[in-house]
2 protein chains.
Amino acid sequence: MARRGSYAKGVAKREEILDAALEVIAREGYRKTSVREIAAAVDLSQAGLLHHFASKDELFTEVLRHRDEVDTANASADPEARLIDTFPVVVRHNSAVPGLVQLYVSLSAEAPDPMHPAHKFFTERFDRFRGELAEEIQDGQREGEFNPDLDPELAANSLLALTDGLQTQWLLNPALDMASHLEATIDSWRSNPKS
Amino acid sequence: MARRGSYAKGVAKREEILDAALEVIAREGYRKTSVREIAAAVDLSQAGLLHHFASKDELFTEVLRHRDEVDTANASADPEARLIDTFPVVVRHNSAVPGLVQLYVSLSAEAPDPMHPAHKFFTERFDRFRGELAEEIQDGQREGEFNPDLDPELAANSLLALTDGLQTQWLLNPALDMASHLEATIDSWRSNPKS
DNA sequence: GTCTATATTCAGATAGAC
DNA sequence: GTCTATCTGAATATAGAC
């Protein structure tokens with residue numbers, strides 16, 4: 001499978017680092033986490049860790065990308081599942097991982113800088129999700145599930161924005177129920193059968 | 001008016017610093033802005049500036065608080081105006097001040113840390129706005145303006161979250177029209193007269 | 001691939017004079 | 001209220017050995 005032992009080892013170490021980084025951030029908070037600390041958690045020196053990643057910012061961005069890939073892989077297990085339905089589920093799941101949410105929110109705040117590795121990541125992420133959601137909404141409109149007055153793209157953006165904003169509020173106040181807010185909004189988009 | 005010349009001067013300098021800080025952040029981005037840089041913009045040394053503020057984090061938090069106070073004062077000029085109506089207007093206005101939005105998003109990402117001065121600021125801000133918005137929505141429901149099925153508090157939270165999330169997206173892509181997204185959501189809450 | 005050691009850079013905070 | 005000077009403390013990144 002691995003072309004050489006060292007290649008497989010490099011990949012394994014990389015994943016180990018990504019997992020450890022998430023754990024340290026969860027414990028220490030994003031702002032106070034240094035590369036050194038993450039290195040210590042995987043028994044590497046700081047320099048040893050940076051052999052695997054170009055910079056601290058890239059490392060942190062890769063943690064997010066890795067998590068997205070895991071989530072996407074899980075979702076693909078059921079090809080029937082629509083993004084718009086899994087959204088509240090994923091968010092509910094995130095509630096167990098405040099460190100991940102903190103990382104997401106912090107990096108998205110830094111992403112406007114075009115030089116930051118998170119810039120590309122978030123731009124592409126928004127584009128992909130917006131497109132997919134808008135398509136699902138449009139399909140739903142054709143089948144009478146969603147209100148035909150909705151602007152699909154605008155609704156898709158709004159759902160993404162709502163999700164991000166809820167995460168910020170939830171970090172401040174973990175009693176907030178993110179999933180129920182999302183569900184209420186999505187429900188309000190459904191065609192109302194009672195009129 | 002001023003009890004002593006020095007008092008008035010101190011207040012004036014404080015405001016000058018807050019304005020300058022915003023301007024520097026707009027130019028340099030939040031992450032790369034140091035207290036030294038802001039000090040230079042108002043012809044002070046770094047130590048001279050920190051005579052007016054306890055720390056960098058407090059300074060930045062005060063910039064936001066100051067801007068909120070200005071906005072609130074403007075809104076009070078018309079006591080008829082509801083928060084829910086002025087929201088899209090303020091957001092439209094913010095589109096002219098990316099630095100402010102960047103600061104807001106960055107600090108809200110750091111606010112989960114209870115030791116950070118922004119923690120108290122954002123907690124109180126959310127509480128205040130949520131309460132006020134929920135009340136306006138309830139009033140609107142009584143008068144038949146808003147859909148009676150809405151949960152006022154949940155809708156209030158959602159509007160705040162949507163606003164925050166749109167700002168994140170807009171920083172990444174300034175072509176996004178935040179105000180129209182907000183208006184579409186608020187409109188969807190109105191009682192539909194055509195049924 | 002990993003380490004040690006260090007270069008670099010820089011920041012926020014504080015002491016004490018004026 | 002403001003300055004100069006300095007402390008203190010980091011943290012990232014890199015060079016070069018093993």
Side-chain angles (χ1 to χ4, degrees), chain A residues 2-21 24-25 27-63 103 106-107 109-110 113 115-119, chain B residues 1-21 24-25 27-63 103 106-107 110 113 115-119:
Chain A
R3 297 187 331 193
R4 299 217 193 98
S6 59
Y7 176 73
K9 187 181 173 193
V11 169
K13 197 74 190 175
R14 217 184 120 97
E15 299 238 327
E16 187 191 345
I17 292 169
L18 293 175
D19 288 341
V24 174
I25 292 162
R27 207 173 49 233
E28 307 288 333
Y30 164 74
R31 207 189 179 199
K32 288 174 200 137
T33 299
S34 64
V35 173
R36 259 184 185 80
E37 230 172 327
I38 298 169
V42 291
D43 284 309
L44 277 185
S45 70
Q46 184 239 15
L49 191 155
L50 283 185
H51 169 76
H52 298 272
F53 299 92
S55 69
K56 177 194 178 176
D57 288 339
E58 201 213 86
L59 163 60
F60 284 162
T61 304
E62 288 305 308
V63 173
L103 178 63
S106 298
L107 279 193
E110 293 177 7
D113 176 357
M115 287 300 110
H116 197 295
H119 183 79
Chain B
M1 6 214 101
R3 297 189 331 194
R4 297 216 195 98
S6 59
Y7 176 73
K9 188 181 173 194
V11 170
K13 197 72 191 180
R14 218 185 118 95
E15 301 238 325
E16 188 191 344
I17 292 169
L18 293 175
D19 289 342
V24 174
I25 292 162
R27 207 174 48 234
E28 306 288 333
Y30 163 76
R31 207 188 178 200
K32 288 174 201 137
T33 299
S34 63
V35 173
R36 266 185 180 82
E37 229 172 327
I38 298 169
V42 291
D43 283 309
L44 278 184
S45 69
Q46 183 237 18
L49 191 155
L50 282 184
H51 171 75
H52 298 272
F53 300 90
S55 69
K56 176 195 180 177
D57 288 339
E58 201 212 85
L59 163 60
F60 283 161
T61 304
E62 286 306 306
V63 174
L103 177 63
S106 299
L107 279 193
E110 293 178 7
D113 175 357
M115 289 298 112
H116 196 293
H119 183 78

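The shown structure was predicted, so the numbers you read here are calculated from the model rather than taken from an experiment. What you see below is based on every heavy atom in this structure, not just the backbone, and it leaves out hydrogens, waters and symmetry mates.
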Colleague: Do B:Asp19 and B:Val63 come within less than 4.5 Å of each other through their side chains, counting heavy atoms only?
Modeller: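 Contact flag for B:Asp19/B:Val63 side chains = no.
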Colleague: B:Lys13: what forms a salt bridge (Lys or Arg N to Asp or Glu O under 4.0 Å) with it, not counting sequence neighbours?
Modeller: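 Expected list: B:Glu16.
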Colleague: Could you check how far NZ of A:Lys13 sits from C1' of C:dT2, rounded to whole Å?
Modeller: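 Rounded to the whole Å, the gap is 10 Å.
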Colleague: Measure from the side chain of B:Ala47, starting at C-beta and using heavy atoms only, and say which of C:dT2, C:dG12, D:dA5 lies closest.
Modeller: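 Given the options C:dT2, C:dG12, D:dA5, the side chain of B:Ala47 is closest to D:dA5.
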Colleague: What are the two closest heavy atoms between A:Val24 and A:Thr33, and how far apart are they?
Modeller: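 Looking at all heavy atoms of both residues, the closest pair is CG1-CG2, 3.7 Å.
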Colleague: Hey, does the side chain of A:His51 come within less than 4.0 Å of C:dT2's phosphate (OP1/OP2), counting only N and O?
Modeller: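 Looking at the OP1 and OP2 atoms of C:dT2, neither is under 4.0 Å from any side-chain N or O of A:His51.
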Colleague: Measure CD/B:Glu15 against P/D:dG1 and give the value in whole Å, please.
Modeller: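 The answer, rounded to whole Å, is 14 Å.
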Colleague: Is there a side-chain contact between A:Asp113 and B:Lys32 (heavy atoms, below 4.5 Å)?
Modeller: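 The answer is yes, as the side chains (C-beta and beyond) meet within the 4.5 Å cut-off.
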Colleague: Below 4.0 angstrom, which residues in residues 36-45 of chain A have at least one non-hydrogen atom near DNA chain D?
Modeller: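 By residue number: A:Arg36.
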Colleague: Within this structure, what is the CG-to-P distance between B:Leu59 and C:dA13, rounded to whole angstrom?
Modeller: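 Nearest whole value for this atom pair: 10 Å.
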Colleague: Can you list everything that forms a ring pair (Phe, Tyr, Trp, His ring centres under 6.0 Å) with B:Phe53? Sequence neighbours excluded, please.
Modeller: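 Result, ring pair (Phe, Tyr, Trp, His ring centres under 6.0 Å) vs B:Phe53: none returned.
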Colleague: Rounded to the nearest Å, what distance is computed from the CZ atom of residue B:Phe60 to the P atom of nucleotide C:dA11?
Modeller: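 Computing the B:Phe60:CZ to C:dA11:P distance gives 11 Å.
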Colleague: OP1 or OP2 of D:dT2 versus the side-chain N and O atoms of B:His52: is any pair under 4.0 Å?
Modeller: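 B:His52 to D:dT2 OP1/OP2: side-chain N or O found under 4.0 Å.
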Colleague: Can you spot which of A:Glu62, A:Glu110, A:Glu58 makes a side chain to side chain contact (heavy atoms under 4.5 Å, CB included) with A:Pro117?
Modeller: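 Exactly one candidate clears the test, A:Glu58.
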Colleague: What is the distance from NZ of A:Lys56 to P of C:dC10, rounded to the nearest Å?
Modeller: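 Between P of C:dC10 and NZ of A:Lys56: 16 Å.
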Colleague: Can you measure B:Glu28 atom CD to C:dA11 atom P for me and round it to whole angstrom units?
Modeller: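 To the nearest whole Å, that distance equals 11 Å.
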Colleague: Roughly, in whole Å, what's the span from CG in B:Leu49 to P in D:dT2?
Modeller: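 In whole Å, D:dT2 P lies 9 Å from B:Leu49 CG.
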Colleague: Taking the side chain of A:Leu50 as its heavy atoms from C-beta onward, which of D:dA13, C:dA15, C:dT2 lies nearest to it?
Modeller: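 So the side chain of A:Leu50 is nearest to D:dA13.
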Colleague: Can you find an N or O donor on one side and an acceptor on the other, under 3.5 Å apart, linking the side chain of B:Gln46 with the base of C:dA11?
Modeller: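 Absent.
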Colleague: How many whole angstroms separate atom CZ of A:Phe53 from atom P of C:dT2?
Modeller: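 Value for this atom pair: 12 Å.
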Colleague: At their closest point, which heavy atom of A:Leu107 faces which heavy atom of A:Ala118, and how far apart are they?
Modeller: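 Looking at all heavy atoms of both residues, the closest pair is O-CB, 4.1 Å.
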